[in-house]
**Student:** 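Next up is a structure, given as C-alpha cells.
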Protein chains: 2
Amino acid sequence: MYNYHFRSSPTRINRDFPNEMESLRSQSIKIFKTALFQVDAFQAVLENLSLKGNILRIKTGSDSLKEWDLSRFKKIQVLGAGKSAAPMAAAAEVILKDRLGDGLIITKYGHGGRLSKIKIIEAGHPLPDQAGCRGTRQIVTRLQASGSGDLILFLTSGGCSALFTSPPPSISLKEKQKTISLLLKAGAPIQDLNTVRKHLSLVKGGRSARFAYPATVINLVLSDVIGDPLDIIGSGPFFPDSSSFQNALDVLWKYRLIKKVPTAISAFLKRGVRGLFEDTPQPGEICFKKVTHRIIANNRIALDAAAQTARKLGFKTFILSSQIQGEARELAKFYGALARERVQPHTLSKNPVCLLAGGEPTVTVTGPGKGGRNTELALATAIELNGLGKISFLSAGTDGTDGPTDAAGAVVDGRTCTRAFHKGIAPEDHLQNNDSYSFFKKAGGLLMTGPTGTNVMDLHILLVR
Amino acid sequence: MYNYHFRSSPTRINRDFPNEMESLRSQSIKIFKTALFQVDAFQAVLENLSLKGNILRIKTGSDSLKEWDLSRFKKIQVLGAGKSAAPMAAAAEVILKDRLGDGLIITKYGHGGRLSKIKIIEAGHPLPDQAGCRGTRQIVTRLQASGSGDLILFLTSGGCSALFTSPPPSISLKEKQKTISLLLKAGAPIQDLNTVRKHLSLVKGGRSARFAYPATVINLVLSDVIGDPLDIIGSGPFFPDSSSFQNALDVLWKYRLIKKVPTAISAFLKRGVRGLFEDTPQPGEICFKKVTHRIIANNRIALDAAAQTARKLGFKTFILSSQIQGEARELAKFYGALARERVQPHTLSKNPVCLLAGGEPTVTVTGPGKGGRNTELALATAIELNGLGKISFLSAGTDGTDGPTDAAGAVVDGRTCTRAFHKGIAPEDHLQNNDSYSFFKKAGGLLMTGPTGTNVMDLHILLVR
C-alpha cells in the first residue's frame with residue numbers, strides 16, 4: 001500500500017490492490033479534494049464576495065445577499081490577520097481591483113507572499129511576538145483614522161488571536177503569555193481562556209469595532225472553531241463580548257491563579273473592575289452597528305461539498321456532524337459500529353453509502369510515538385474495520401498538517417491491518433504507543449497534501465459499497 | 001419533571017412543561033414502545049412462524065420463506081432455554097395448536113408461567129445451578145430419542161448459556177464456574193470465553209445438533225448479542241464451532257490460567273486434545289444438515305420498527321447503527337455533536353429529525369453511585385444537550401431493567417440539567433459518581449416499564465424538531 005501524494009500518478013496508486021477497495025479509497029480522496037477546494041481560502045472569498053459595477057455583494061445565506069454601493073465610500077481598505085490572510089487578501093485584490101485603496105495583513109512566518117496593494121507582515125504563531133504587536137498597532141492606527149466614508153474589509157482566519165495582538169501599555173507580552181499558559185495548564189476551557197484574553201487586549205472582544213466606528217466593516221471569517229462562535233474565532237475583534245473585567249478576575253480566582261499570575265496582570269484587571277478602563281463593548285453597543293460578519297468557510301461547508309461529490313459518485317450520503325469532538329479512539333468505535341451496520345448482509349442497502357463527519361477529535365498522548373489526531377483516528381478505525389470488505393475510511397486535516405507530521409491524515413480499508421500484520425507491523429502496538437504516523441509510514445496509506453493554506457478542522461469520510 | 005410509568009396518565013405527564021419539549025419526550029416514548037412491541041418475545045414468534053393447513057412457514061428474509069410439510073413428521077416438540085423462553089413457547093402453542101406433541105423449556109426463576117403442553121423448568125441465572133443441569137439432561141434425552149420423523153422447534157433467548165448447561169461427567173458445575181470466572185477476571189473477550197465454555201460442555205458449540213440428528217431442527221433465536229453471531233448467542237447449541245480442544249487449552253495458556261484452573265478442567269481439555277473425546281462439530285458436519293436458524297428479533301428489528309413509527313410521526317429518520325459499543329460517556333459526546341449539528345440555524349433542515357441507534361455501551365464504574373448504562377448515557381447526553389431547544393434523547397434497555405435499577409432508562413431534553421440545577425441537583429457530580437439513577441430519581445425523567453420479557457439490548461432515540 002502506497003502513501004497518497006496528491007500529484008502521484010493513478011497507475012502508481014493502483015498497483016497491488018484488489019481494484020474495488022482501491023477504487024473506494026481513491027473515491028474517498030476525490031471527495032476530500034473537492035471539499036478542500038470549496039474551503040480554499042482564495043476560493044472562499046471569491047465565492048462570497050462579488051463586485052458588479054459599483055455594487056459590492058456578500059452572500060449572507062444560501063439565497064440572501066447584502067449589498068454596499070461603493071460610490072458612497074471614499075476609501076476601501078483590506079485589513080486582517082490569520083494563517084490564511086495572504087490568499088484571502090489576494091482574492092480581495094482580484095475582486096476589488098482599482099476600487100481597492102490599500103491594506104495591511106498579518107500572517108504567520110512563511111505564510112506570506114507578494115500582493116500588489118496590500119502590505120503583508122509576517123509574525124509569530126502560535127506564540128505572539130513583537131512583529132505581531134507592531135503589525136497590530138499599524139492596523140489599529142488605520143482603524144482609528146477611518147471615518148464614515150471608509151469601508152474596511154477585514155479578513156479573519158485561524159491564528160488571528162496570536163497574530164492580531166496588543167496588550168495594554170502596563171502589561172508586557174511576556175506577562176500576558178505567562179497568564180495564558182498558566183490557564184492552559186490549569187485545564188481552563190476556551191470560554192474561560194478567552195474571557196481573560198479579551199480583558200488583556202486592546203483589540204479583542206469587540207474592541208476593534210470601537211476603533212473602526214463609524215467606518216463600515218465587513219468581516220470575512222474562515223472558521224477553524226467548532227460551531228463557528230464569532231466571539232471565539234480570532235477572539236472576536238469585531239464581535240460583542242458578554243464578559244466583564246470582574247468575570248476575568250473570577251476566572252483567575254476559580255483556577256487559584258490570582259497569586260500566581262504576574263502582579264501587573266491582576267493589578268490591571270482590578271483597576272478594570274474599579275472602572276478605570278472602559279470594559280469590552282457589550283452586545284447592542286453602537287460600534288457594532290456598521291459591522292457585518294460572514295463565515296465564508298467552515299467545516300460544514302466542506303462537508304456539504306464532500307456530500308455533493310459523493311452523491312455524484314453514486315453514494316447515498318449522510319452528514320453526521322461538523323462538530324465532532326472527544327477521544328479519537330472512542331470515536332473509532334462509533335465509526336466501527338456505523339460501518340459494520342452497513343456491511344451486515346441483512347441490512348445491506350442496495351446503494352453504496354457515504355457517511356461524512358468533521359470537527360476536531362482529541363488524542364490523549366500516553367505513548368512515545370509519532371502521530372496526529374487524524375492518523376490516530378484512521379489507525380483505530382482500521383482496527384475496527386479489520387476483515388470487512390468493500391469499505392474505506394479517510395481522516396485528514398483540511399490544513400494538510402496532522403499534528404507534528406508532514407501528512408494530512410490517512411486512508412484505510414478492511415485489509416489495512418491484515419496487510420500490515422503480514423509485513424510484521426503490529427497495528428495494536430502502534431496505536432498503544434500513539435505511533436500512528438510511523439504505522440502508516442511503514443504500512444502505507446498516508447495522505448500527503450502539503451500545506452493547503454486553509455483550515456476548517458478535519459474531515460472523516462466513510463465509504464461502504 | 002415526572003418519571004414516566006408506562007401506565008401513567010397523559011395529564012400527569014404533561015403538567016408543568018413547555019408543551020413542545022414534553023411532546024418530543026412523549027414522542028420518543030411512543031417510538032420506544034412500538035419498537036418494544038415488535039421485539040416482544042411472544043409477538044416475534046407469531047411474526048416469524050405460521051401454520052397454514054399442514055404447511056409450517058418461517059420467514060427467512062423480508063420476502064423469503066422456508067416451509068415444512070408437517071404431514072411428513074410423526075412428532076413435533078418444542079424445546080428451548082432462555083429468559084424469554086416462556087412467552088416464546090406460549091406463542092408456539094398458539095401457532096402449532098393440536099399439531100404440537102409436547103415440550104420442555106428452561107427459564108430463569110420467576111420467568112416461568114403455565115403452558116398447556118410445554119413443561120417449564122425454572123433454574124439459576126446468571127450463575128447456573130443443578131436445576132438447570134437437570135433440565136438440560138432432560139432436553140438432551142429428548143434430542144437423543146428423536147429420529148428423522150421428528151421436528152424440534154428450539155427456542156433460544158438471552159440467558160440460554162447459563163440455563164442450558166451440562167458439564168462433562170468428570171467436571172463439576174463448580175469447577176466449570178470457577179474457570180469461567182477466572183477468565184472473566186483476566187479480561188478475556190467473549191470469543192476466548194466461548195472457546196473454553198464450548199469445550200467444557202456436552203450441549204454447546206453445536207453438540208446439541210449431534211444429539212438431535214437426524215431430526216429436523218428449527219432454532220428460533222431472540223438475539224441479545226451485538227451483530228447476532230449464532231455461535232455466541234446461547235453458545236451456539238446448534239451452530240458449527242470453528243475452535244478445537246487445542247484452542248481452548250491455548251486460551252488458558254494465553255491468560256496464564258493453566259495452573260490456576262481446577263485440575264479436572266486442564267486434565268479434561270488435555271485428554272480432548274489427545275483425541276479421547278470427540279471435538280465440537282466443525283462447519284460442514286452432517287449433523288447441521290437439517291438445522292435451520294432464524295433470528296426472530298434483534299436490535300435492528302427494534303430499530304426498524306422505531307424508524308417506521310418515527311416516520312409516521314413526521315420525522316426524517318436515520319438509523320445510525322444497531323451495534324453501538326464503547327464507553328457511554330464518550331458516546332454521549334458523539335450524540336451531542338449529532339444533536340448540535342441539527343439545531344444550528346444554518347444547517348437546520350425543515351423536517352424534524354430522528355436519529356436512532358442501539359447496542360450495548362459500557363460503563364467503567366469508578367464512583368459509588370447507583371445507575372445503569374442507560375441512565376448514565378442519558379445523563380451524560382443531557383449534559384451535552386444542555387441549553388439546546390426542541391430536542392429530546394431517550395436511552396433504555398429493551399428488557400426493562402437497566403443495570404441494578406428498577407428503571408428501563410431515562411428521557412432527557414435541553415433543559416434537564418438546568419431544571420435539576422435549580423432544584424439543587426448537580427448533573428456533573430452525579431455523573432462523576434456513576435449516580436445517574438439517583439439523579440433521575442430526584443430530577444425526574446426515569447422510564448419505568450417493568451420487566452418486558454424480551455431482550456435485544458438498548459435503544460437510543462434522538463429527536464430534533
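Proteins come first, then strands; the chains are lettered A, B, ... in the order of their sequence lines, and each starts at number 1.
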**Student:** Return the set of residues passing side-chain contact (heavy atoms from CB on, under 4.5 Å) with K66(B) (not counting sequence neighbours), or none when no residue passes.
**Tutor:** I58(B), T60(B), W68(B), T292(B)

**Student:** Nearest 0.5 Å, what's the CG-CD1 distance between L338(A) and I319(B)?
**Tutor:** 11.5 Å

**Student:** Could you measure the distance from the CZ atom of R329(A) to the CD atom of E327(B)? Nearest 0.5 Å is fine.
**Tutor:** 14.5 Å

**Student:** Quick check on L355(A) against chain B: is it the side chain, the backbone, both or neither that has a heavy atom closer than 4.5 Å?
**Tutor:** side chain

**Student:** From L320(B) CG over to L320(A) CG, what is the distance, rounded to the nearest 0.5 angstrom?
**Tutor:** 6.5 Å

**Student:** Sort out for me which of G326(B), S321(B), A357(B) touches chain A most, counting heavy-atom pairs under 4.5 Å.
**Tutor:** S321(B)

**Student:** If you count every heavy atom of other residues, nucleotides or ligands that lies below 6.0 Å from Q308(B) atom CD, does the total exceed 12?
**Tutor:** no

**Student:** Taking atom NZ of K333(A) and atom CD1 of I324(B), what is their separation to the nearest 0.5 Å?
**Tutor:** 12.0 Å

**Student:** With a 4.5 angstrom heavy-atom cut-off, is it the side chain or the backbone of I226(B) that approaches chain A, or both, or neither?
**Tutor:** neither

**Student:** Looking at E341(B) and R300(A), is there a salt bridge between them, counting it only when a charged N and a carboxylate O are closer than 4.0 Å?
**Tutor:** yes

**Student:** Answer yes or no: are there more than 12 heavy-atom neighbours, outside F421(B) itself, under 6.0 Å from its atom CZ?
**Tutor:** no

**Student:** Look at the aromatic rings of F334(A) and F334(B) and report parallel, tilted or perpendicular, splitting at 30° and 60°.
**Tutor:** tilted

